[in-house]
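Below is one structure, written out as structure tokens; the observations come after it.
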Amino acid sequence: MKQTTPARPFATLRAVSNIIVVLGLLLLADWLCARWSDDETYACATTRLLSSEAGLTAIGMGGLVIAIIGATMGGVRHKMTVVGLVVMAFGLVAGTVFGNLLASYFR
């Protein structure tokens with residue numbers, strides 16, 4: 001009989017710490033570029049853009065695209081279909097309910 005080895009966990013502590021370090025370095029580079037040019041960081045600009053009503057609607061449409069790809073790859077029970085529908089619902093509901101509130105908050 002063929003002996004199988006147990007699967008390694010996907011997210012080990014080393015992998016998670018490497019991701020945190022890379023994200024920290026990217027944020028540091030973003031902050032340094034913003035200080036150098038005396039402008040806002042890309043993270044702040046992206047947050048303001050995505051919190052607008054149009055940004056949240058774009059997130060919802062992106063979720064629709066993810067759901068369509070998941071449905072064509074594996075049907076209704078495919079993981080991408082479920083994730084896409086959740087992202088689509090979040091984007092469209094948040095764009096409708098919180099669009100004006102978030103836009104006024106981030107101005």
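Predicted, not measured: the structure shown is a model, and the values here were computed from it.
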With sequence neighbours excluded, residues passing side-chain contact (heavy atoms from CB on, under 4.5 Å) with Met73: Ile69, His78, Met80
Identified side chain to side chain contact (heavy atoms under 4.5 Å, CB included) counterpart of Leu28 within the set Leu26, Asp30, Leu32: Leu32
Connected-component partners of Leu25 among ILVMFWY, side-chain separation under 4.5 Å: Val21
Rounded distance (nearest 0.5 Å) linking atom CG of Leu85 with atom CD1 of Ile68: 9.5 Å
Co-membership, hydrophobic cluster, residues Val82 and Leu64, 4.5 Å side-chain: no
Least distance between heavy atoms, Ala34 atom then Thr41 atom: CB-CG2, 3.6 Å
From CE (Met88) to CD1 (Ile66), nearest 0.5 Å: 11.0 Å
Over all atoms of both residues, closest heavy-atom pair of Leu27 and Ala43: CD2-CB, 4.5 Å
Side-chain heavy-atom pair Ile20, Ser17 within 4.5 angstrom cut-off: no
